[in-house]
Amino acid sequence: MVTMEELKARYPGLESFRFGDGPEMSAELIALVRSGAKTATCGALRDFEAGEPMPKVGRRDVALNWDGSPALMIETVEVTQRRFCDMDADFALAEGENETLEGWQADHRRYFERNGGWEPDMMLVCERFRLVEDFA
């Protein structure tokens, strides 16, 4: 299995991140990317303002398994910002986690409440990506 050190040597400036906020959610989201169901993700703008690397179109990032080992390499193809209350079904369903916008809203509200707070007008960083490499 490839290590982050090997990947950083191959791709200088490579960023890494984890999907979700725990081992079970992380594994589920990685599986959705592998299946092709998940081609988008979003996060609270406040987390990026606090130092999380902002996604950039064209940059490749490594999604880590919860244990820190490389799972996937993705390439960002679009980055937008919008308020939670302005999320549309097209983007929400591209996240691959829900079958309806209402399901996305309920699940993401709970997620944000667990991770720093939720407000209907909170700003989100919305990223569309493509799978480049699967390290499984």
Side-chain angles (χ1 to χ4, degrees):
M1 173 158 286
V2 69
T3 66
M4 269 312 291
E5 292 74 27
E6 292 169 330
L7 290 171
K8 285 185 177 187
R10 201 180 319 159
Y11 303 102
L14 188 67
E15 298 287 351
S16 62
F17 68 97
R18 286 180 178 86
F19 282 114
D21 61 356
E24 186 176 305
M25 178 183 277
S26 176
E28 289 172 6
L29 297 177
I30 288 168
L32 288 171
V33 175
R34 283 186 171 128
S35 75
K38 182 172 184 64
T39 59
T41 192
C42 71
L45 177 60
R46 64 172 176 251
D47 295 336
F48 296 99
E49 292 173 339
E52 189 174 318
M54 182 71 81
K56 294 180 183 162
V57 172
R59 190 179 72 207
R60 293 181 174 189
D61 298 327
V62 173
L64 302 172
N65 292 303
W66 200 252
D67 67 5
S69 62
L72 311 164
M73 183 179 292
I74 63 167
E75 182 178 328
T76 302
V77 297
E78 179 186 82
V79 180
T80 58
Q81 292 185 23
R82 68 187 82 177
R83 297 181 310 162
F84 183 96
C85 58
D86 294 332
M87 181 57 67
D88 60 80
D90 180 59
F91 186 89
L93 300 182
E95 286 207 45
E97 302 163 48
N98 302 96
E99 295 182 9
T100 65
L101 176 59
E102 294 75 22
W104 180 94
Q105 291 167 331
D107 285 352
H108 281 71
R109 178 179 179 163
R110 285 190 294 274
Y111 175 84
F112 290 125
E113 286 173 341
R114 291 193 309 269
N115 293 281
W118 173 84
E119 295 292 331
D121 62 348
M122 67 187 288
M123 288 301 296
L124 303 178
V125 175
C126 303
E127 174 185 8
R128 290 184 187 266
F129 57 84
R130 69 179 189 89
L131 177 61
V132 174
E133 191 170 350
D134 186 342
F135 301 116

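Quantities reported herein were computed from a predicted structural model and do not represent experimental measurements.
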Do Ile30 and Phe135 share a hydrophobic cluster, counting only Ile, Leu, Val, Met, Phe, Trp and Tyr and linking them when any side-chain heavy atoms are less than 4.5 Å apart?
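No, Ile30 does not connect to Phe135 through the hydrophobic network.
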Enumerate the residue pairs fulfilling ring pair (Phe, Tyr, Trp, His ring centres under 6.0 Å) with a member in residues 18-74, sequence neighbours excluded, ordered by first and then second residue.
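Of all non-adjacent pairs touching residues 18-74, those that pass ring pair (Phe, Tyr, Trp, His ring centres under 6.0 Å) are Phe17-Phe19.
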Working note: Arg59 + Glu75, criterion salt bridge (Lys or Arg N to Asp or Glu O under 4.0 Å); need CA distance, chi angles, decisive distance, verdict.
CA-CA 6 Å; Arg59 190 179 72 207; Glu75 182 178 328; over 6 Å; no
Side chain Asp67, main chain Ser69, donor-acceptor under 3.5 Å
yes
Only distances under 3.5 Å count here; give the side-chain donor-acceptor pairs of residues 77-85 to other protein atoms, sequence neighbours excluded, each with its distance to 0.1 Å.
unit_1	atom_1	unit_2	atom_2	d
Glu78	OE1	Arg128	NE	3.1
Thr80	OG1	Arg82	NH2	3.2
Arg82	NH1	Asp88	OD2	2.4
Arg83	NE	Asp86	OD2	2.8
Arg83	NH2	Asp86	OD1	3.3
Arg83	NH2	Asp86	OD2	3.2

Looking at [atom1] of [X] and [atom2] of [Y], how far apart are the two atoms once the value is rounded to the nearest 0.5 Å?
| X | Y | atom1 | atom2 | result |
| --- | --- | --- | --- | --- |
| Asp61 | Leu14 | CG | CG | 6.5 Å |
| Asp90 | Glu95 | CG | CD | 11.5 Å |
| Met73 | Arg10 | CE | CZ | 7.0 Å |

So do Pro55 and Phe129 actually touch side chain to side chain, heavy atoms under 4.5 Å?
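Heavy-atom side-chain distance check fails, nothing below 4.5 Å.
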Do Met87 and Leu101 have side chains that get closer than 4.5 Å, going by heavy atoms?
yes
If a pair satisfies side chain to side chain donor-acceptor pair (under 3.5 Å) and one of its residues is in residues 22-36, list it, with sequence neighbours excluded.
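For residues 22-36: Arg34-Asp134.
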Where is the tightest heavy-atom contact between Lys38 and Leu29, given as atom of each residue plus distance?
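For Lys38 and Leu29, the tightest heavy-atom pair comes out as CD-O, 3.9 Å.
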For atom CD of Glu113, is the number of surrounding heavy atoms from other residues, nucleotides or ligands below 6.0 Å larger than 12?
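Result for CD/Glu113: enclosed.
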